Enquirer: 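Handing you this structure, nothing more for now.
On a predicted model such as this, the values are computed, not experimentally measured, just so you know.
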Amino acid sequence: DYGGTMFGMEYLGDVGVRQVNVHRTANGYTLVGATSALPVSVTREFDSTLPNINFILKPSSDVVIRLDAAKVTARPPLSSTGVGVTLFPVTNTGSAGNPDLKPYAATQYDASFEWYFAQASMLSVALFKKDVSAFTRIIQVSEDHPEAPNNTNGQTTYLVNRPVNGAQGTVNGFEIDYQHALSFLPTPFDEFGFVGNFTYV
């Protein structure tokens, strides 16, 4: 944590770092021929160092400016990291997981201006940007699966949907928030309020 005064304005914030270590093992079976199944196990490890910094400036008692930057990560759904393959011989299509799938990863930046113009009331405008270095997308791959059971049409080539990691994605946008407590109205209407939000991405 840190804080102080700059040009007569109060400022505060914090700096931190987080270390994330992921050890993931995907277990399943692969078909050999139409009747045999062999166990398959794939282990992957991912390490991420995630720094972050938050800075808050208070030009006055009712105005707050926030600046934030952080590296973030999130694990993909376990259903996307399996080793199994599901095949549909009638349409020669299928779906599968990807045990090599990396966690989501991004560097994100946020800046906001907040005006607290009355008790429990606020108007804010925020800008955000995310540089995404690893995300998940689905691609269709042509694969040969002669071991598929019930392959009555004699075709062994399947179009299989698999998740893979994309790279160099970008998310930009802005957000406007308005909250107004209607405390100036007579009882019992002074307990009501209004909240509105608009986000463009």
Side-chain angles (χ1 to χ4, degrees), residues 14-54 67-111 126-175 197 199-201:
D14 58 73
V15 178
V17 64
R18 186 163 56 106
Q19 182 68 29
V20 178
N21 308 104
V22 177
H23 181 97
R24 185 181 69 211
T25 300
N27 298 310
Y29 293 88
T30 181
L31 288 173
V32 179
T35 58
S36 300
L38 294 179
V40 176
S41 181
V42 179
T43 298
R44 293 291 182 268
E45 294 187 15
F46 306 98
D47 299 322
S48 302
T49 302
L50 307 174
N52 70 84
I53 182 170
N54 302 295
L67 302 173
D68 308 299
K71 286 190 173 183
V72 296
T73 186
R75 301 181 189 183
L78 289 179
S79 58
S80 299
T81 61
V83 296
V85 180
T86 301
L87 301 174
F88 308 101
V90 175
T91 57
N92 284 94
T93 58
S95 61
N98 180 0
D100 295 322
L101 204 61
K102 297 178 182 179
Y104 299 93
T107 302
Q108 59 186 27
Y109 310 91
D110 299 271
L127 303 174
F128 56 85
K129 178 181 180 180
K130 301 179 188 293
D131 293 325
V132 187
S133 59
F135 57 93
T136 299
R137 63 190 185 97
I138 304 297
I139 64 171
Q140 196 171 62
V141 183
S142 179
E143 300 179 358
D144 190 46
H145 288 279
E147 78 284 0
N150 303 320
N151 194 5
T152 56
N153 60 11
Q155 296 293 324
T156 61
T157 301
Y158 287 76
L159 292 177
V160 179
N161 292 322
R162 286 186 180 271
V164 297
N165 281 116
Q168 298 179 342
T170 302
V171 179
N172 299 303
F174 68 89
E175 184 175 51
N197 170 279
T199 302
Y200 176 81
V201 180

Enquirer: Would you say the side chains of D131 and T107 form a donor-acceptor pair under 3.5 Å?
Expert: no
Enquirer: Between atom NZ of K129 and atom CG of D110, what is the distance when rounded to the nearest 0.5 Å?
Expert: 12.5 Å
Enquirer: How far apart are the closest heavy atoms of G82 and A26, and which atoms are they?
Expert: CA-CB, 4.5 Å
Enquirer: In Å, rounded to the nearest 0.5 Å, how long is the span from OH of Y109 to CZ of F128?
Expert: 15.0 Å
Enquirer: Does the ring center of Y104 lie less than 6.0 Å from the ring center of F135?
Expert: no
Enquirer: Please name the residue in the list D100, T81, T25 that meets the side-chain hydrogen bond (donor to acceptor under 3.5 Å, both in side chains) test with R44.
Expert: D100
Enquirer: Is a side-chain N or O of N92 found less than 3.5 angstrom from the main chain of T157, in a donor-acceptor match?
Expert: yes
Enquirer: Is N165 reaching over with its side chain to a backbone N or O of K102, donor-acceptor style, under 3.5 angstrom?
Expert: yes
Enquirer: Got more than 12 heavy atoms from elsewhere within 6.0 Å of CD, Q19?
Expert: yes
Enquirer: Measure the spacing between CG of N21 and CG of D47 and express it to the nearest 0.5 Å.
Expert: 4.5 Å
Enquirer: Any donor-acceptor pair under 3.5 Å linking the side-chain atoms of N27 with those of S41?
Expert: yes
Enquirer: Nearest 0.5 Å, please: how far is OG1 in T156 from CG in L87?
Expert: 11.0 Å
Enquirer: Quick one: are L101 and T136 in side-chain contact, heavy atoms under 4.5 Å?
Expert: yes
Enquirer: Are T43 and H23 close enough, and set up right, to give a side-chain contact (heavy atoms from CB on, under 4.5 Å), and what steps lead you there?
Expert: CA-CA 7 Å; T43 298; H23 181 97; 3.7 Å; yes
Enquirer: Side chains of T170 and K130: does their closest heavy-atom pair fall under 4.5 Å?
Expert: no
Enquirer: Is any side-chain heavy atom of T73 closer than 4.5 Å to a side-chain heavy atom of L50?
Expert: yes
Enquirer: Side-chain contact, heavy-atom cut-off 4.5 Å: R24 with R75?
Expert: no
Enquirer: Below 4.5 Å, heavy atoms only, C-beta onward: do V164 and R137 meet side chain to side chain?
Expert: yes
Enquirer: If you take all heavy atoms of P103 and F46, which pair is closest and at what distance?
Expert: CD-CG, 3.6 Å
Enquirer: Determine, step by step, whether Q108 and K71 satisfy the side-chain contact (heavy atoms from CB on, under 4.5 Å) criterion, reporting the C-alpha distance in whole Å, the side-chain angles of both residues, the deciding distance to 0.1 Å, and the verdict.
Expert: CA-CA 6 Å; Q108 59 186 27; K71 286 190 173 183; over 6 Å; no
Enquirer: Compare every heavy atom of L67 with every heavy atom of A111, then report the nearest pair and how far apart it is.
Expert: CB-CD2, 3.6 Å
Enquirer: Heavy atoms, side chains only, cut-off 4.5 Å: are N172 and V201 in contact?
Expert: no
Enquirer: side-chain contact (heavy atoms from CB on, under 4.5 Å) for N54 and V15? Distances and angles first, verdict last.
Expert: CA-CA 6 Å; N54 302 295; V15 178; over 6 Å; no
Enquirer: Which atoms form the tightest heavy-atom contact between V40 and V83, and what is the distance?
Expert: O-CG2, 4.2 Å
Enquirer: First locate atom OH of Y158, then atom OG1 of T91, and finally report the distance between them rounded to the nearest 0.5 Å.
Expert: 8.5 Å
Enquirer: Quick one: do the T199 and N197 side chains pair a donor with an acceptor below 3.5 Å?
Expert: yes
